[in-house]
There are 2 protein chains.
Amino acid sequence: MITNMEQIKSQLEKQGIKPTYQRLRILEFLISAGNHPNADTIYENIAKVIPTMSRTTVYNTLSLFVESALVHGITITGADVRYGIGEANHHHFLCKKCGKIIDIEVHCPFADGVTKEINGHQIQEIHGYFKGICKDCIQS
Amino acid sequence: MITNMEQIKSQLEKQGIKPTYQRLRILEFLISAGNHPNADTIYENIAKVIPTMSRTTVYNTLSLFVESALVHGITITGADVRYGIGEANHHHFLCKKCGKIIDIEVHCPFADGVTKEINGHQIQEIHGYFKGICKDCIQS
DNA sequence: TCCATGTTTGTAATCATTACAAATTGAAAT
DNA sequence: ATTTCAATTTGTAATGATTACAAACATGGA
Ligand SMILES: [Mn+2]
Ligand SMILES: [Mn+2]
Ligand SMILES: [Zn+2]
Ligand SMILES: [Zn+2]
């Protein structure tokens, strides 16, 4: 999963998104973080290397990425939206102790998208997540 | 599922909650609505019968109810918290057309709480929901 | 160089929720 | 019945994430 700047750049170009410096940095940070950071964490970290970075740019860029399915946003903390790489075709685990959000693959007729209808309602999206204590936090 | 005021009152008393007029009305509305309204919808509807009702009372009361597991709050719209009756030991369906949220019972090792651990992470809560078009909205 | 378009930025607005303190209620004690 | 006191309710102000908006900036072609 080694991702260099060239790969990130071509990922954007593949989606027809102009690979500006701030966009590259945001996508790079999102990939390297891996724990589904929120907009503010992304902003704070990139502001260190791009002092003129604006919060609005972070929000604009994240919306752009979500539209092109390069990124998915999840609201499971109740407080903010957390962003991760790729489409949201997986489930998540939120650690109540460290706040980290980890990708989870589960297998059941619902999670696997086999079921398209339930009680007469037409299913278009399936979302699932767990809350608890992550592996790292258990030992401490 | 016929619930009269006396039953609602004793439900509160069973939890050690003083059954004030506003609390009775809020719980009554929550039960009768059934589609997981948000705080403002609850407020707007009860303000019709209790003109002095305050939004703060709605929020306070909902927090109280959630603490005693009389009610559960779910954040699946991204915009607000939606409240339903009872503990959140079930899943939900959000209709993208009418905004209604419906209780759903699903059965799989994850949803049924059989699995207590996943990838080394300790599971304490399981949340699942679907988005799509509800039965009522399909025919129209 | 000039222009057009897309991008970034800073500030102001929005909106759900929370904080806070004053006003009100109601039941127990006198 | 009056006093008292804690619980409850209320209105207003603050918070915090997100969005709206318009000015500043960058870039590539005519
Ligand atoms: Mn993810
Ligand atoms: Mn429910
Ligand atoms: Zn953790
Ligand atoms: Zn519907």
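As the structure is a computational prediction, the values presented were derived from the model and not from experiment. Chain letters run A, B, ... following the sequence lines, proteins first, then strands; residues in each count from 1.
Listed by chain and number, the residues in a salt bridge (charged side-chain N to carboxylate O under 4.0 Å, His left out) with A:K100 are A:D136 (sequence neighbours excluded). By the side-chain hydrogen bond (donor to acceptor under 3.5 Å, both in side chains) test, A:H91 pairs with no residue at all, sequence neighbours left out. Scored by the side-chain hydrogen bond (donor to acceptor under 3.5 Å, both in side chains) test, A:D40 finds A:R55 as partners (sequence neighbours excluded). The side-chain hydrogen bond (donor to acceptor under 3.5 Å, both in side chains) search around B:T56 returns none, not counting sequence neighbours. By the salt bridge (charged side-chain N to carboxylate O under 4.0 Å, His left out) test, A:E125 is found to be paired with B:K96, residues two or more places apart in sequence or in another chain being considered. By the side-chain hydrogen bond (donor to acceptor under 3.5 Å, both in side chains) test, A:T41 is found to be paired with A:N38, residues two or more places apart in sequence or in another chain being considered.
OP1 and OP2 of C:dT8 both lie 4.0 Å or more from every side-chain N or O belonging to A:T56. Side-chain nitrogen and oxygen atoms of A:Q22 include at least one within less than 4.0 Å of the OP1 or OP2 phosphate oxygen of C:dT9.
How far CG of B:L94 is from CD1 of B:I101: 5.0 Å, rounded to the nearest 0.5 Å. Residue A:S32 holds its OG atom at 8.5 Å from CG of A:N45, rounded to the nearest 0.5 Å.
Distance B:K18 NZ to C:dT24 C1': 12 Å, rounded to the nearest Å. Following rounding to the nearest Å, B:R23 (CZ) and C:dT25 (P) show an atom-to-atom distance of 15 Å. We find that CG of A:L24 is positioned 15 Å from C1' of C:dT8, with the value rounded to whole Å. Across the protein-nucleic acid pair, A:L12 atom CG and C:dG6 atom P stand 18 Å apart, rounded to whole Å.
Contacts between residues 59-80 of chain B and DNA chain D, defined by a heavy-atom separation below 4.0 Å, involve B:N60, listed by number. Applying a 4.0 Å cut-off to non-hydrogen atoms, none of the residues of residues 43-55 of chain B approaches DNA chain C. Of the residues in residues 92-101 of chain A, none lies under 4.0 Å from DNA chain D by heavy-atom distance.
Among the atoms of the strands shown, only primed sugar atoms or phosphate atoms (P, OP1, OP2) are found under 4.0 Å from some heavy atom of A:T20.
The salt bridge (charged side-chain N to carboxylate O under 4.0 Å, His left out) contacts involving residues 58-67 of chain A comprise nothing, where partners must be two or more places apart or lie in separate chains. Residue pairs meeting the ring pair (Phe, Tyr, Trp, His ring centres under 6.0 Å) criterion with at least one partner in residues 38-69 of chain B, sequence neighbours excluded, do not occur; the list is empty.
B:H127 and B:H90 have their aromatic ring centers separated by at least 6.0 angstrom.
Across B:C98 and B:C95, no two heavy atoms sit closer than the pair N-SG, 3.4 Å.
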| said: Set out, in order, the CA-CA distance, both residues' side-chain angles and the distance that settles side-chain hydrogen bond (donor to acceptor under 3.5 Å, both in side chains) for A:H36 and A:D103, then state yes or no. | reply: CA-CA 9 Å; A:H36 299 76; A:D103 286 336; 3.0 Å; yes
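Nucleotides of DNA chain D that come within less than 4.0 Å of any heavy atom of chain A span, from the 5' end to the 3' end, D:dA17 to D:dC21.
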